[in-house]
2 protein chains.
Amino acid sequence: MSGPRWLNTSEMRAWRGLMGMSRLLFEQLGRELGKEAGLSMADYEVMVQLSEAEGRRLRMSDLAAMSLLSKSRLSHQVARMEATGWVRRESCPSDRRGAFAVLTDEGFAVLADAAPGHVEGVRHHLFDLLDPDEIEQLGAITTKLYQHLNTVVERDCAAPKRDGAVSEAV
Amino acid sequence: MSGPRWLNTSEMRAWRGLMGMSRLLFEQLGRELGKEAGLSMADYEVMVQLSEAEGRRLRMSDLAAMSLLSKSRLSHQVARMEATGWVRRESCPSDRRGAFAVLTDEGFAVLADAAPGHVEGVRHHLFDLLDPDEIEQLGAITTKLYQHLNTVVERDCAAPKRDGAVSEAV
DNA sequence: CGGAAATGGTTGAAGGCTAAATTACCTCGA
DNA sequence: TCGAGGTAATTTAGCCTTCAACCATTTCCG
């Protein structure tokens, strides 16, 4: 039994930095978005995905995957957004289990209004502080890690099912 | 009025990468911690801070600052941990408003049990995928951003008070 | 065909998080 | 010494998230 391989100084700096930085960054951006446009990061993310999609509509599953939300969470999220009028549900003709989430004109307008300020925030708290090299490095590192994690999460959350029932034994 | 400065390709890659990566990373580590040791990332973080402190105890405010939790959230958090027996509260003799959170022996044992697996997870999902240069870069970038954000958050959350009442006008 | 299993999506309950209000105490200055 | 204002921490209420159970439909396959 070899003891656990603890983090060295360089690793510890990266770990603490990453943890603190991402926590504060997303909290801060969320706060600003809430104050300036009255929406949450989840609202924003969902609307962005819809706005970029063909016909401003996506199947719930696809939208969930793109926004990195669980199906359940997306369902609640869309329910709230439907209540405020930013999104509408439509049933899918080809698969009667399915549902589309559609961005309404009102939703699009809200997004268009919020976007410039949000991008400014991202610049102000992130890119304005980094030089082009650092942005490249950050992109390379995070993309690589992201891809790895995607496969891990898929494996981990598909066997024990992210939602849905568990099939007992073989 | 110049239009908003949208993100260029490099920036967009870094932004999407950072967002996706950090979401998945912390979710995954949290899931593993929950499965393997029965505790949340917040539990873990709080216990680490306490375990490293003089006498395994910290004032609630200091603990909140170190763990990047709001006072309110920490109060709830510690209440739960007290109920499970991992932490105990002690009142502060020198300032009777104050309270210490103290890591119990049981809490320390739970942490000691959880730590090796958690560190393995951090290695497996993060450092094993990066070479030393990249770890250096990540550390440099995140530390710089973290420091900036700390000042921003302090400013933003101290004027409109993170808790407490607002003093009207001058 | 017909039934088992898988898929798409929703629901409800339980618990966590946030913001605002509250309690209790300390500090400073007139 | 008194009171105004600040600080430490908790509490309450409302919203959000998660987990597990559920319904409806489709697909797979003997």
Side-chain angles (χ1 to χ4, degrees), chain A residues 23 26-28 30-31 33-35 38-43 45-46 58-65 67-84 89-101 157-170, chain B residues 23 26-27 30-31 34-35 39-43 45-46 58-65 67-84 87 89-101 153 156-170:
Chain A
R23 278 263 284 284
F26 295 120
E27 271 179 32
Q28 179 66 23
R31 227 178 344 255
L33 206 46
K35 237 168 236 167
L39 33 75
S40 69
M41 288 285 270
D43 294 331
E45 175 71 12
V46 163
L58 284 170
R59 288 289 293 270
M60 291 296 283
S61 294
D62 298 333
L63 181 53
S67 331
L68 301 179
L69 300 175
S70 71
K71 286 166 160 229
S72 168
R73 181 170 169 187
L74 179 66
S75 205
H76 289 296
Q77 176 72 39
V78 167
R80 285 187 301 265
M81 296 176 77
E82 199 170 21
T84 71
R89 276 182 235 242
E90 276 179 25
S91 53
C92 173
S94 67
D95 183 342
R96 280 186 303 186
R97 292 167 304 182
F100 284 101
C157 285
K161 236 64 172 186
R162 186 162 201 128
D163 265 276
V166 182
S167 41
E168 214 45 81
V170 177
Chain B
R23 278 262 285 283
F26 296 120
E27 271 179 34
R31 227 179 343 257
K35 237 169 236 165
L39 33 75
S40 69
M41 290 284 271
D43 293 332
E45 176 71 12
V46 164
L58 283 171
R59 288 288 293 270
M60 291 296 282
S61 293
D62 298 333
L63 181 52
S67 332
L68 301 179
L69 299 176
S70 70
K71 283 167 157 233
S72 168
R73 181 169 169 186
L74 179 66
S75 206
H76 290 297
Q77 177 71 39
V78 167
R80 284 187 303 264
M81 296 176 78
E82 198 171 23
T84 72
V87 163
R89 276 181 235 240
E90 276 179 24
S91 52
C92 173
S94 68
D95 183 341
R96 280 185 303 183
R97 293 167 303 180
F100 284 101
V153 170
D156 244 51
C157 285
K161 237 65 171 184
R162 187 160 200 130
D163 265 279
V166 182
S167 42
E168 214 46 79
V170 177

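Just so it is clear: chains get the letters A, B, ... in the order the sequence lines come, proteins before strands, and each one is counted from 1.
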Heavy-atom distance under 4.5 Å between the side chains of B:Lys71 and B:Ser61, does that happen here?
yes

The salt bridge (Lys or Arg N to Asp or Glu O under 4.0 Å) partners of B:Arg97 (sequence neighbours excluded) come to B:Asp95

Roughly how far apart are A:Glu45 CD and A:Leu39 CG, rounded to 0.5 Å?
12.0 Å

With a 4.0 Å cutoff (strictly under), does any side-chain N or O of B:Arg96 reach OP1 or OP2 of D:dA9?
no

Report the distance from atom CG of A:Asp43 to atom P of D:dC15, rounded to the nearest whole Å.
14 Å

So which protein N/O to nucleotides 16-18 of chain D N/O distances come out below 3.5 Å?
from	atom 1	to	atom 2	distance (Å)
D:dT17	OP1	A:Arg73	NE	3.4
D:dT17	OP1	A:Arg73	NH2	2.4
D:dT17	OP2	A:Arg80	NH2	3.0
D:dT18	O4	A:His76	NE2	3.2

Base of D:dT7 paired with side chain of B:Arg97 (donor-acceptor, under 3.5 Å):
yes

What integer distance in Å separates A:Phe100:CZ from C:dG8:C1'?
12 Å

Any B:Arg59 side-chain heavy atom under 4.5 Å of B:Phe100 side chain
yes

Taking all non-hydrogen atoms of both residues, which atom of A:Met60 and which atom of A:Ser75 are closest, and how far apart?
CE-CA, 4.0 Å

Can you tell me the distance, in whole Å, between the CG atom of A:Asp95 and the C1' atom of C:dA6?
12 Å

Spacing of CZ belonging to A:Arg23 relative to CE belonging to B:Met41, to within rounding of 0.5 Å:
8.0 Å

Rounded to whole Å, the CG-P distance (A:Leu74 to C:dT11) equals 13 Å

Using rotation axes that map the C1' atoms of four end pairs onto the next four (five pairs an end), what angle separates the end axes of the helix from C:dC1-D:dG30 to C:dA30-D:dT1, to 10°?
10°

Report the distance from atom CD of A:Gln28 to atom P of C:dT18, rounded to the nearest whole Å.
14 Å

Regarding B:Ser61, tell me which of base, sugar-phosphate or nothing describes its non-hydrogen contacts under 4.0 Å with the strands shown.
sugar-phosphate

Would a 4.5 Å heavy-atom cut-off, applied to side chains only, mark A:Thr84 and A:Asp43 as touching?
no

Would you find more than 12 non-hydrogen atoms of other residues, nucleotides or ligands less than 6.0 Å from A:Arg89 atom CZ?
yes

Given B:Leu63, which partner from the list B:Leu74, B:Val87, B:Leu69 fulfils the side-chain contact (heavy atoms from CB on, under 4.5 Å) test?
B:Leu74

From CE of B:Met81 across to P of D:dA9 the rounded distance in Å is 16 Å

Rounding to a whole Å, what distance do you find between B:Lys71:NZ and C:dC17:P?
18 Å

Please state how far atom CE in B:Met41 lies from atom P in C:dC17, giving the value in whole angstrom units.
13 Å

